[in-house]
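A, B, ... follow the sequence lines: proteins, then strands. Residue 1 opens every chain.
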There are 2 protein chains.
Amino acid sequence: MFYSNNPRFFVSVDCIIFGLVNGKLCLLLTKRRFEPEKGKWSVMGGFVQEDESVDDAARRVLRHLTGLEDIYMEQVHAFGAINRDPGERVISVAYYALLGPDEYNLELLEKHEAVWIEIDKLPPLGFDHPEMVKKTLELIRAKCSHEPIGFNLLPAMFTLTQLQSLYETILGEPLDKRNFRKRVAETHCIEKTEYIDKTGSRRGASLYRFNDHVYLSHPQFKI
Amino acid sequence: MFYSNNPRFFVSVDCIIFGLVNGKLCLLLTKRRFEPEKGKWSVMGGFVQEDESVDDAARRVLRHLTGLEDIYMEQVHAFGAINRDPGERVISVAYYALLGPDEYNLELLEKHEAVWIEIDKLPPLGFDHPEMVKKTLELIRAKCSHEPIGFNLLPAMFTLTQLQSLYETILGEPLDKRNFRKRVAETHCIEKTEYIDKTGSRRGASLYRFNDHVYLSHPQFKI
DNA sequence: ACAAAAGTGTTCCCGTTACACCCATGA
DNA sequence: TCATGGGTGTAACGGGAACACTTTTGT
């Protein structure tokens, strides 16, 4: 057919997977056991197959690591430099994903030799993964203030201190506690529950919950 | 080699090309003469080749249409649905480009059967091009207020009325003239020249120029 | 003289920021 | 009782929005 004059390429997905481990923002990385870039750290990836869309390929990578289907995930950028993979030419589409504490179990991660590494202690990464991570961080930094993506990293119920500390980590700057809580109060989709978390302090802190139903009916969000 | 278990795909670029024609924001479209989607309108595209990066492929499409190398261009999104191309499977990376009035000549466009069509009079497009255009519009709408991309659509010198009307078209809403000019005045990288445009009014309007040197030394922009 | 676009300041309001102390509890 | 994190209000400031008339000049 007409298209056949043109070359075909391997297409991969690379998933920049975020999670909170002990309250620290981490990336899921693996140390490559095969060439190319053997021994270097890299993000989790895989090749796109015939029977799946590119988005589906990213979901498959996520599913293998977590056993779950409905992980928050979004495309970041396509990377298409000729020599970005020193082995063969591969065009890669980067995605980022946000995992909540219940969305990963360490056994499954161990089986895939994936480890959580704190975002500000990243080892040197192979390929063009540093650029992918950089672009992803810019993206979520810009996005987290007007779209409620941060909740995907938290448990279903969380304290305001946890939420604030998450935002501080993502934005890389300290936030004023009273102003932060004022904005939370104005954001109707974050609601206080009757539950109290006693593990983080002697006094106990109210647990809050993100109400996506309220959010979807009034999609306004500003933190 | 190890990768060879995996399938390969055609990869294309699709360029959503904007231009100002008679002060109206337009897209460069073509009516397809070949299957698939013969007779439908589509944006300008091409297949990625072995010897070029994906970005380079987009630049090549632009170069063929304009004869120029340095067109403002940026990636929008990769589209990878299995059946997005009814002919064969093609994974496409969308780019948008902004052409100034001196960056296209109608003969060259005619040779490629490309025509300018006003952004609010678009015909039905084939493939997933409607989604590409929608995503692109969202992107430039969000971007034009904090990054000086609009100037790529204007001649080297322009009146403030032209600039305002461009922003009104992109944002889809009328802007207050005095507030607009106040913001322009605060933006050091837009400078008044000694020249006067007499074609747009009896009185004549001062011509302004975007100074990218100033912008690069103080990359701040807010309109 | 008049039509048509160019050009120009001020006021008000609201949202953002800065800031410090008391509370509840377990050890 | 004290150490620890939880929780609360107000005042000052600054940026954004609303708003109308005069100027210039070609016809």
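Residue A/R203 places none of its side-chain N or O atoms closer than 4.0 Å to OP1 or OP2 of D/dC2. Under 4.0 angstrom from either OP1 or OP2 of C/dG7 there lies no side-chain N or O belonging to B/K177. At C/dT16, one or more side-chain N or O atoms of A/K222 fall inside 4.0 Å of OP1 or OP2 (strictly under the cut-off). OP1 or OP2 of D/dG6 has at least one side-chain nitrogen or oxygen of A/T161 nearer than 4.0 Å. Between A/K182 and C/dG15, a side-chain N or O to OP1/OP2 separation shorter than 4.0 Å is absent. An OP1 or OP2 oxygen of C/dA3 is reached within less than 4.0 angstrom by no side-chain nitrogen or oxygen of B/R202. Phosphate proximity of C/dA4 to B/S201: absent, as no side-chain N or O sits under 4.0 Å from OP1 or OP2. The side chain of B/R181 places an N or O atom within less than 4.0 Å of a non-bridging phosphate oxygen (OP1 or OP2) of C/dG7.
Nucleotide C/dG7 holds its C1' atom 9 Å from the CG atom of B/L160, rounded to whole Å. The separation between A/K198 atom NZ and D/dG7 atom C1' is 14 Å, rounded to whole Å. Atom OH of B/Y208 is separated from atom P of C/dA6 by 11 Å (rounded to the nearest Å). Atom CG of A/N179 and atom P of D/dA12 are 16 Å apart (whole Å). Taking atom CD1 of residue A/I223 and atom P of nucleotide C/dG15, one finds them 17 Å apart after rounding to whole Å. Atom CD of A/E186 is separated from atom P of C/dC14 by 14 Å (rounded to the nearest Å). Separating the CD1 atom of B/I196 from the C1' atom of D/dT23 is a distance of 14 Å, rounded to the nearest angstrom. Look at CZ on B/F180: it is 16 Å from C1' on C/dT8, rounded to the nearest Å.
Note: A/F221 and A/F210 have perpendicular aromatic rings, judged against thresholds of 30 and 60 degrees for the angle between ring planes. Taking the six-membered ring where tryptophan is involved, the planes of B/F127 and B/H129 are tilted, since the angle between them lies from 30° to 60°. Ring geometry for A/F151 versus A/F158: interplanar angle of 30 to 60°, hence tilted.
Checking A/D176 against B/S206, the closest nucleotide of DNA chain C that is more toward the 5' end is the one next to B/S206. Nearest-nucleotide positions on DNA chain C place B/T159 closer to the 5' end than the other of B/T159 and B/R178.
Taking the centre of each ring, A/F79 and A/H77 come in below the 6.0 Å mark.
Taking a cutoff of 4.0 Å between a charged side-chain nitrogen and a carboxylate oxygen, B/R60 and B/E52 qualify as a salt bridge.
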